[in-house]
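Data first, discussion second: the structure below is written as structure tokens.
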Amino acid sequence: MVRRDGKRICVFSESVPFSMGSDVPARLVYVLDITDRKAAEENMQIASTVYQTSHEAILVTDRENSIIAANPAFSRMSGYGLDEIRGKNPNIFKSDRHDQKFYEDMWRDIADKGIWIGEVWDRRKNGERYLKEMVISVVRDSSGNVFRYVAMFSDITARKKNEELIWRQANFDALTNLPNRNMFHDRLEQSVGNAHREGTKIALMLIDLDRFKEINDSFGHSVGDELLVEVSKRISGSMRDTDTTARLGGDEFVVIIPSLHQVSDVDRIAEKLLQNLLRPFQVQDEAIFVSASIGISVYPDDTECLETLFKYADQAMYVSKGTGRNRFSYYTPALQQASLNRMRLTSELRTALAEGEFEVFYQPIVDLTTGRVAKAEALVRWHHPSRGLIYPGEFIALAEDTGLITPLGDMIARQAVAQVGHWRAKYDSEFQVSINQSPVQIRNRDAGALDWMCDLDNRQVDGPAVIVEITEGLLLNAEPLVNQNLGCFRDVGVQIAIDDFGTGYSSLAYLRKFDIDYLKIDRSFVGDLEGSGLDLCEAIVVMAHRLGLKVVAEGVETTWQREVLQNMGCDFAQGFLFSPGLPVDEFDSQFMSVSAVI
Ligand code: C2E
Ligand code: MG
Ligand code: MG
């Protein structure tokens with residue numbers, strides 16, 4: 001109806017016959033304005049639709065907190081129908097994820113503020129835990145007493161999982177599950193805060209696997225990956241729970257050792273770690289041997305700048321690599337200088353080959369039974385334009401790291417082959433030259449690494465004129481390619497010597513397996529002949545002879561050492577007692593053009 005004032009109203013109207021006692025028929029019409037009631041009904045309708053169709057679960061309890069209503073979304077989420085839970089207390093949904101205090105705090109909030117907002121782990125009917133983001137509000141009656149509690153919530157389990165996944169991806173290494181570089185920085189900063197509070201120190205231990213690239217190249221990436229996982233377990237297993245082990249990428253790991261009272265504690269930890277890594281790794285039926293080079297810097301002793309602290313650990317790690325690997329070194333200020341020098345040297349190394357700055361020296365190897373110089377070892381020297389003569393200890397590792405070892409090694413071997421051909425033709429048809437081969441050369445997949453062997457043919461030099469010196473490590477991780485290359489030597493009659501024998505993982509098994517000709521006893525044992533070196537040398541000689549190998553003693557510096565070695569039956573000796581490495585002309589005039597017996 002439209003009222004006189006123009007407002008539209010909704011009315012309920014009825015007309016009934018009505019008698020007033022006369023003959024005149026009459027009707028009574030009454031009209032009721034129901035506009036407000038209609039509006040309220042509509043609101044109820046809307047509220048009910050929202051309640052029924054909401055994606056959010058809604059649960060209503062009375063003032064005793066007994067359930068009186070739950071919407072369909074609640075049933076979908078929880079698995080409970082209203083009939084099963086009516087009259088019950090919502091604590092039947094509890095999971096074991098929160099303690100008593102959590103619920104006490106929640107109810108205190110509800111009582112004090114009339115509302116609680118938060119995340120709760122509950123259980124579905126099937127027992128599964130799920131995370132709710134929930135609002136609980138209190139509804140009061142007109143006199144202010146609690147009338148209802150209304151809880152509304154949504155299921156955020158999946159969202160939470162995703163957030164966690166993203167967080168994990170940002171902070172952890174996918175392969176090893178160790179913290180990554182990101183997390184490492186966070187933890188380091190955290191440790192610094194603690195160190196200040198406790199007045200303690202932090203050691204940063206940078207760990208780089210030795211020759212991992214070779215293992216990766218030869219066994220393939222899947223073995224390499226598995227190995228990294230195993231290595232990461234051994235590293236974290238060697239540390240305390242409070243230490244953080246992180247993987248920075250590739251084969252580089254870092255450990256934060258916080259709350260240190262004295263730096264000397266780190267020695268023990270590093271020692272133990274190196275020891276633990278030495279045990280072979282069993283990966284896909286391969287027994288793989290790895291070692292690591294460790295660099296250590298200490299906060300705040302070395303520096304308080306975290307970036308510099310890391311750089312220092314890196315420099316110390318390089319010292320470990322350069323001094324023979326499988327060891328740890330601490331940062332010292334002198335390292336800073338050395339690191340700069342090394343960087344300079346690396347770039348100079350690149351041009352040195354083209355500039356012809358390398359020269360091959362020869363050191364005599366004496367037959368201990370006759371005293372004749374029977375062989376020579378080719379030892380490379382670098383004539384540095386400003387620094388003068390540089391020894392291989394300073395640049396071979398750099399050449400290996402930069403890949404320069406392949407062309408350098410090739411050049412050395414070609415020169416040596418030409419030289420021995422010349423000496424055999426002119427003076428001694430049995431003479432041999434021993435050539436050091438870096439493991440990088442023998443493991444190299446690229447063609448070219450062993451091309452120098454063609455020179456044997458080209459120059460008509462017999463294979464047996466050459467001995468190649470390899471290290472024990474190469475045989476331990478021997479893969480088909482190594483076998484194949486050693487087979488190439490064997491095919492043309494080139495002999496094989498194990499250099500620095502006794503310093504690596506000496507194993508009898510590979511001596512048999514690989515058909516070796518010589519063992520070169522490392523000079524550290526010869527230098528210690530007055531101590532335990534004597535027994536060791538004797539044992540090596542006896543064992544080698546039993547297996548049909550000859551023995552060369554390195555680093556013989558005194559006549560006494562020579563005699564002791566001679567008496568135990570050692571076949572050959574090499575050392576400053578006879579001569580250091582010499583330029584080819586000097587070697588020629590001292591040992592070849594005269595028939596020298598020394
Ligand atoms: P190595 O093969 O074990 O060579 C023996 C090293 O001991 C040589 O050092 C030699 O000069 C030194 N030496 C010889 N007699 C004595 C002695 O009586 N006392 C002492 N204290 N030392 C002695 P050098 O020439 O500095 O070479 C060091 C290492 O560098 C070699 O050890 C070898 O592993 C590597 N190297 C040398 N030349 C080459 C090369 O052409 N290619 C490759 N890949 N490595 C090389
Ligand atoms: Mg050698
Ligand atoms: Mg040696």
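It should be emphasised that the depicted structure is a prediction, and the values quoted were computed from it without experimental measurement. Note that these values count all heavy atoms, side chains included, but never hydrogens, waters or copies made by symmetry. Just so you know, residue 1 is the first one in the sequence shown, and it goes up from there. Both counts, for ligands and for their atoms, begin at 1 and track the order of listing.
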Going by the atom numbers of ligand 1, which of them fall below 4.0 Å from some non-hydrogen atom of [X]?
| X | value |
| --- | --- |
| V556 | 18 (O) |
| D499 | 1 (P), 2 (O), 3 (O) |
| E557 | 17 (C), 18 (O), 19 (N), 20 (C), 21 (N) |

When only distance counts, is Q574 in polar contact with ligand 1, meaning an N/O pair under 3.5 Å?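 For ligand 1, there is no N or O atom that lies under 3.5 Å from one belonging to Q574.
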Nitrogen or oxygen atoms of D500 and ligand 1 under 3.5 Å apart: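 Looking only at distances, the answer is yes, because the N/O contact criterion of under 3.5 Å is met.
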Would you mind checking if R372 and D428 are paired as a salt bridge, meaning a charged N to carboxylate O distance below 4.0 Å?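 Result for this pair is yes, salt bridge flagged.
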Using non-hydrogen atoms of the residue, decide whether [X] is closer than 4.0 angstrom to ligand 1.
| X | answer |
| --- | --- |
| E469 | yes |
| G555 | yes |
| R381 | yes |

Check L353 against M411 and note the closest heavy-atom contact, atom names and distance.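 That would be CD1-CE, 4.1 Å.
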Compare [options] and give the one whose heavy atom is closest to [atom].
| atom | options | answer |
| --- | --- | --- |
| atom 4 (O) of ligand 1 | Q415, E377, Q441, E394 | E377 |
| atom 22 (N) of ligand 1 | F361, F578, F395, F576 | F576 |
| atom 24 (P) of ligand 1 | P364, S438, P392 | P392 |

Using only atom types and a distance under 3.5 Å, with no angle test, would you say the side chain of E472 pairs donor to acceptor with the backbone of G502?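 Looks like yes, one N/O pair under 3.5 Å.
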Inter-residue atom distance [X].[atom1] - [Y].[atom2], 0.5 Å rounding:
| X | Y | atom1 | atom2 | result |
| --- | --- | --- | --- | --- |
| I470 | S438 | CD1 | OG | 11.5 Å |
| H545 | L519 | NE2 | CG | 9.0 Å |
| D367 | E430 | CG | CD | 11.0 Å |
| D208 | S293 | CG | OG | 6.5 Å |
| E400 | T402 | CD | OG1 | 9.0 Å |

Mind checking whether [X] contacts ligand 1 via backbone (N, CA, C, O), side chain (CB onward), both or neither, at a 4.0 Å heavy-atom cut-off?
| X | answer |
| --- | --- |
| V380 | both |
| D522 | neither |
| L379 | both |
| I412 | side chain |
| Q363 | side chain |

Going by heavy atoms in the side chains, are L228 and F253 under 4.5 Å from each other?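 Side-chain contact under 4.5 Å: yes.
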Hey, which N, O or S atom on E469 ends up closest to the Mg ion (ligand 2)?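 It is OE1, the N, O or S atom of E469 closest to the Mg ion (ligand 2).
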Proximal heteroatom of E377 relative to the Mg ion (ligand 2) (N/O/S):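 Relative to the Mg ion (ligand 2), the closest nitrogen, oxygen or sulfur of E377 carries the name OE2.
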Which of parallel (below 30°), tilted (30 to 60°) and perpendicular (above 60°) describes Y330 and F328?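 Y330 and F328: perpendicular rings.
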Can you classify the ring geometry of Y362 versus W423 as parallel (below 30°), tilted (30 to 60°) or perpendicular (above 60°)?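 Answer is perpendicular, since the angle exceeds 60°.
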If you stand at the Mg ion (ligand 2) and look out to OD2 of D499 and OD1 of N436, what angle do those two lines make, to 10°?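 With the Mg ion (ligand 2) as the vertex, OD2 (D499) and OD1 (N436) sit 90° apart.
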Looking only at the aromatic ring of each residue, does the gap between the centers of F358 and F395 stay below 6.0 angstrom?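 Yes; F358 has its ring centre under 6.0 Å from that of F395.
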